[in-house]
Amino acid sequence: MKKKNQPVPLEVLLADDDRDDRYFFEKALAALPVPTHLTTVMDGEKLLAFLSENVKKLPDVLFLDLNMPRKSGAECLAEIKRHKKFEKLPVIIYSTSLHEEVADMLYKTGAHYFVHKADFPELKKNLARVLALLTDTKFAKPARKEFVINLVDA
């Protein structure tokens with residue numbers, strides 16, 4: 001039962017095929033002071049099916065791994081942003097590596113931020129930073145120079 005004045009949890013969706021990455025993401029998210037509810041899917045096809053089945057109740061934010069089987073994160077991002085019903089969904093790319101030309105393409109396709117997969121302490125800091133940036137800006141897309149979340153700049 002929900003208590004009065006309790007904040008509504010942020011609905012977070014994670015699309016990642018790696019079980020360990022999903023586990024660490026879930027633990028890092030749970031360690032933050034921000035109330036959240038996490039849903040996970042294991043590949044791009046499951047992601048697109050989930051979004052289509054939940055059009056009336058989309059998540060507040062999607063964390064999207066680039067390297068997934070069946071349909072890559074870049075393919076999913078392009079498909080998501082092509083549909084009017086999903087165009088406002090903030091998509092955070094969550095991956096291990098990023099080249100500048102790939103970052104440009106992902107940003108132009110509609111991703112809000114890029115967050116590096118990292119060890120647990122850094123992952124917690126990265127998640128806290130990106131969620132704070134999203135809520136502070138009311139989920140508006142940032143300028144390209146702010147696309148890659150980098151704790152050195154924090």
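If you're wondering where the values come from, they're calculated on a predicted model, not measured in any experiment.
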To the nearest 0.5 Å, what is the distance between [atom1] ([X]) and [atom2] ([Y])?
X      : Y     : atom1 : atom2 : result
Asp17  : Asn67 : CG    : CG    : 8.0 Å
Leu134 : Ile92 : CG    : CD1   : 4.5 Å
Thr109 : Arg82 : OG1   : CZ    : 9.5 Å
Leu123 : Lys27 : CG    : NZ    : 13.0 Å
Glu45  : Glu79 : CD    : CD    : 9.5 Å
Leu89  : Lys81 : CG    : NZ    : 5.5 Å

I want to check something: taking the side chain as every heavy atom from C-beta on, are [X] and [Y] in contact at a cut-off of under 4.5 Å?
X      : Y      : result
Pro59  : Val61  : no
Leu64  : Cys76  : yes
Leu51  : Leu58  : yes
Val91  : Leu106 : no
Asn126 : Tyr113 : no
Leu48  : Lys71  : yes
Asp65  : Leu14  : no
Leu29  : Leu131 : yes

Does this structure show an ion pair linking [X] with [Y], if we count only N-O contacts that are shorter than 4.0 Å?
X      : Y      : value
Lys117 : Asp16  : yes
Glu122 : Lys125 : no
Arg144 : Glu100 : yes

Same hydrophobic cluster for [X] and [Y], using side-chain heavy-atom links shorter than 4.5 Å among ILVMFWY?
X      : Y      : result
Val12  : Phe120 : yes
Met42  : Leu13  : no
Leu127 : Val34  : no

Practice item. Using the six-membered ring wherever Trp is involved, compare the ring planes of Tyr94 and Phe25 and label them parallel, tilted or perpendicular (cut-offs 30° and 60°). Key: perpendicular
Review point. Heavy-atom count around Lys141 NZ within 6.0 Å, excluding the residue itself: above 12?
Key: yes
Practice item. Give a yes or no on whether Phe139 atom CZ has more than 12 heavy-atom contacts from other residues, nucleotides or ligands under 6.0 Å away. Key: yes
Review point. Quick one: does Lys124's side chain have a donor or acceptor within less than 3.5 Å of a partner on Ala30's backbone?
Key: no
Point to revise | Exercise: identify the closest heavy-atom pair between Lys46 and Asp43 | key: N-OD1, 2.8 Å
Practice item. Work out which heavy atom in Leu66 is nearest to a heavy atom in Ala74; give both atom names and the distance. Key: CD2-N, 3.8 Å
Point to revise | Stepwise side-chain contact (heavy atoms from CB on, under 4.5 Å) test for Tyr23 and Asp18 | key: CA-CA 9 Å; Tyr23 173 79; Asp18 186 287; over 6 Å; no
Exercise for review: Decide yes or no on side-chain contact (heavy atoms from CB on, under 4.5 Å) for Thr36 and Asp60, but give the supporting numbers first.
Suggested key: CA-CA 10 Å; Thr36 58; Asp60 295 308; over 6 Å; no
